[in-house]
There are 2 protein chains.
Amino acid sequence: MDRQRTDKNEETSAQGRPTLKTLAFMTGLGVTTVSRALKDAPEIGAETRRRVQLVAKQIGYRPNRAGVRLRTGRTNVISLVLNTDREIMSFVSDIIYGVSEVLAETPYHLIVTPYSRSQDPMEPIRYLVETGSADGVIISRTQPNDPRARYLLEHGMPFATHGRTDMGLVHPYHDFDNHAFAMEAVRRLASMGRRRLALLSPPPGLTYYSHTLNGFADALSEVGASEIPFNTVSIDNTIEQIRMRTAQVMRRDVRPDGFVSSAAAATLAIVAGIEDAGLKLGRDVDVVSKQSSDLLHLFRPELLVVNENFRLAGSELARSVLGWIGGAAPGSLQSLVVANGVQALNQPVPA
Amino acid sequence: MDRQRTDKNEETSAQGRPTLKTLAFMTGLGVTTVSRALKDAPEIGAETRRRVQLVAKQIGYRPNRAGVRLRTGRTNVISLVLNTDREIMSFVSDIIYGVSEVLAETPYHLIVTPYSRSQDPMEPIRYLVETGSADGVIISRTQPNDPRARYLLEHGMPFATHGRTDMGLVHPYHDFDNHAFAMEAVRRLASMGRRRLALLSPPPGLTYYSHTLNGFADALSEVGASEIPFNTVSIDNTIEQIRMRTAQVMRRDVRPDGFVSSAAAATLAIVAGIEDAGLKLGRDVDVVSKQSSDLLHLFRPELLVVNENFRLAGSELARSVLGWIGGAAPGSLQSLVVANGVQALNQPVPA
DNA sequence: TTGGCAATCTGTAACGTTTCAGTATATTGA
DNA sequence: TCAATATACTGAAACGTTACAGATTGCCAA
């Protein structure tokens with residue numbers, strides 16, 4: 001079980017895919033010259049360079065990734081590190097699409113490196129660094145003090161985080177402005193006369209948890225509304241837990257007349273809980289929710305939504321990592337996207 | 001004899017990750033011996049083998065993928081080929097998780113190879129084969145006569161399809177029994193007294209389109225119900241298109257009193273359309289829908305649902321590809337899942 | 001003794017790429 | 001004129017792995 005080629009002569013131009021040796025044979029040049037000609041090295045004659053590149057294009061030469069990787073250590077791989085059981089569904093595919101879109105025009109491949117509940121989140125990161133399996137890494141579920149970011153920085157591995165850190169270290173990131181989202185959501189609810197607001201927050205521990213909380217609190221004091229505590233659940237809880245908890249709080253004497261929800265799936269549960277308690281959306285209570293695909297308005301037209309574009313996030317993250325690999329300053333590869341305000345019903349939102 | 005002088009740069013034990021050479025130096029053996037000892041080759045002494053493996057574990061040796069790949073052509077990569085704009089969201093992430101789960105316990109990596117609307121679906125396939133970028137491939141959106149499957153088969157690249165083909169060629173697949181789903185859906189509607197049924201089908205062209213249609217038709221005649229044509233849209237249409245079309249058909253004199261929907265997102269649109277026409281779910285019409293995550297019941301409790309487990313699909317597909325790579329017969333790597341529970345089987349499904 | 005054989009182990013040569021240290025040839029400065 | 005220098009190219013080595021074709025040893029039959 002081995003390759004069919006056994007002759008050590010270069011004459012074998014017919015089979016297998018072309019290599020530098022093939023190209024060298026066809027052009028009558030040395031492999032070194034061909035290699036350099038293909039990457040526009042300065043010490044190659046213009047004429048020769050053009051000739052080599054022409055032939056390469058003609059026969060469809062593509063550098064062997066294993067060869068390059070073995071020699072240079074460059075993998076041409078970007079790894080997207082995902083939590084296999086925590087990440088919310090649609091989220092992930094959108095990010096993947098966004099990343100793919102950007103990587104498609106480059107020699108880079110996207111590999112998905114999963115880790116599950118049972119594992120240390122650092123494990124895949126260490127694996128990537130130790131084995132040098134990727135040239136760059138994208139991580140999500142970013143924490144204020146994120147050991148992954150610190151580790152990657154220490155080991156000189158380019159990366160970008162979905163969400164910001166707060167460690168005094170500078171690195172590329174892409175983030176959605178959840179502070180602005182929460183403020184906008186509260187303002188909107190206040191403008192509808194809602195005064196007792198509850199927040200279904202992101203999971204504590206992640207950076208955007210406090211962003212959201214702060215935005216919520218800032219806007220509360222701005223508009224003079226009050227908060228109904230709802231912090232025994234987060235969007236990481238199950239649908240059933242959120243639903244039950246919502247129903248509970250809605251049955252109390254002093255109950256929320258407005259909700260801010262950080263995730264679409266969770267919003268379904270909130271609304272179900274509201275209705276479990278015999279109350280009506282739009283009359284007794286209003287809900288502002290983030291969503292990543294434009295479906296919530298079908299669920300209940302009364303819902304107020306803010307769109308978060310995860311596909312864009314994927315693209316930005318990919319661009320950031322590539323930029324860092326390409327030598328750009330990490331500090332110049334940060335982006336923060338602000339939503340275009342709260343949308344009632346289905347008005348398209350370009351981001 | 002004396003191997004004290006072989007060290008060219010052996011002394012530099014502090015650098016980089018360990019290679020076979022490192023291991024050879026530490027054990028006092030040759031690299032060949034170490035290589036074979038690690039893979040339990042028969043001509044290595046039991047004592048030596050144990051010793052080598054112990055040391056390898058101690059210093060955390062991991063074979064260099066580029067080296068292996070360059071030498072053997074084996075990539076240890078499985079590629080998941082995805083349509084970047086057509087695939088429905090949650091779908092994809094579930095499959096990825098399923099695949100990851102299986103691959104996690106192997107030396108294999110998952111790489112996502114995208115293609116977009118603008119491209120020929122064959123392009124990524126050809127790329128993978130020509131560059132030998134993967135040892136196995138998973139494709140979805142399978143067609144009865146699928147050029148990708150044929151090409152992969154012709155070129156000896158192991159693969160598995162999500163959905164079956166109908167070309168008389170045998171290859172691994174995983175499929176959800178949509179014929180059974182459609183029949184079950186119709187029976188359920190019929191048992192509720194519904195007699196004029198409409199089907200929101202999968203996109204024509206894909207294999208499970210006809211499976212679904214046939215199941216629908218078979219059950220219709222079984223229960224003596226009739227079909228209201230609804231074939232100007234499929235689940236590949238936009239939410240808005242489906243919604244409008246549903247509203248149209250529901251405003252007619254002879255309108256459906258039951259729907260069968262092949263996708264959850266589309267079901268949202270159907271229900272919206274029904275309500276646009278001033279009708280009420282559960283009273284004027286019932287809807288049976290497939291779903292991949294358990295959310296539809298929150299949307300409208302009256303909805304009837306059948307769960308399709310895409311995570312399972314991902315796992316099965318990964319297992320199939322690995323099995324084929326491992327030398328199993330392609331025909332033994334086919335699975336069809338009905339309702340809840342996988343059946344391994346090799347026989348054709350009711351056409 | 002001789003030769004044969006099995007059991008272990010080993011060096012060398014690839015795989016395709018890039019880098020290092022050159023080698024020719026022409027061009028220039030004096 | 002000679003040497004210095006730039007221009008255009010080249011072979012060899014190396015990255016880490018595995019396959020191939022030996023080595024070396026001990027043992028036993030003849």
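Only this structure's heavy atoms are used, side chains among them; waters, hydrogens and symmetry mates stay out.
Contacts of B/Gly67 with the nucleic acid, taken as non-hydrogen atoms under 4.0 Å apart, include base atoms. No engagement by A/Gly132 is indicated, since no non-hydrogen atom pair under 4.0 Å with the nucleic acid exists. If you check every strand for non-hydrogen atoms under 4.0 Å, A/Thr32 touches a base.
For a distance-only test at 3.5 Å, the side chain of A/Thr33 fails to qualify as a donor-acceptor partner of the base of D/dA8.
Regarding B/Glu43, its CD atom lies at a distance of 19 Å from the P atom of D/dT25, rounded to whole Å. Spacing between atom CG of A/Leu20 and atom C1' of D/dA12 amounts to 15 Å, rounded to whole angstrom units. The interatomic distance linking B/Leu29 (CG) with C/dT8 (P) rounds to 13 Å, in whole Å. Atom CG in B/Leu38 sits about 13 Å away from atom C1' in D/dG16, given to the nearest Å. Between the CZ atom of B/Arg62 and the P atom of D/dG16 there is a distance of 16 Å, rounded to whole Å. B/Leu70 places its CG atom 13 Å from the P atom of D/dA19, with the value rounded to the nearest Å. If you take CZ of A/Arg74 and C1' of C/dT19, they are 14 Å apart, rounded to a whole angstrom. In this structure, the CZ atom of B/Arg36 is 14 Å from the C1' atom of C/dT12, given to the nearest Å.
Listed nucleotides: C/dC15, C/dT17, D/dC9. Nearest to the side chain of A/Thr48: D/dC9. Distances were taken from every side-chain heavy atom of A/Ile44 (C-beta onward) to each of C/dG16, D/dC9, D/dT17; the shortest belongs to D/dC9. Candidate nucleotides C/dA14, C/dT17, D/dC9 were compared by shortest atom distance to the side chain of B/Arg71, and C/dA14 ranks first.
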Inset, instruction - Would you please test A/Asp135 and A/Val77 for side-chain contact (heavy atoms from CB on, under 4.5 Å) and show each step? - result: CA-CA 6 Å; A/Asp135 298 340; A/Val77 159; 5.8 Å; no
Inset, instruction - Test side chain to side chain donor-acceptor pair (under 3.5 Å) on B/Thr207 and B/Thr142 and set out the steps. - result: CA-CA 6 Å; B/Thr207 310; B/Thr142 310; 5.9 Å; no
Inset, instruction - Check the pair B/Phe159 / B/His174 against ring-ring contact (aromatic ring centres under 6.0 Å, His included), numbers first and verdict last. - result: CA-CA 11 Å; B/Phe159 68 99; B/His174 174 85; over 10 Å; no
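Between B/Tyr127 and A/His109, the distance from one ring center to the other falls under 6.0 angstrom.
B/Lys21 has no side-chain polar atom (N or O) that falls below the 4.0 Å cut-off from OP1 or OP2 of D/dT17. The side chain of A/Thr72 places no N or O atom within less than 4.0 Å of a non-bridging phosphate oxygen (OP1 or OP2) of C/dT17.
Put simply, the side chain of A/Glu123 never gets that close to the backbone of A/Tyr115: no donor and acceptor are under 3.5 Å apart.
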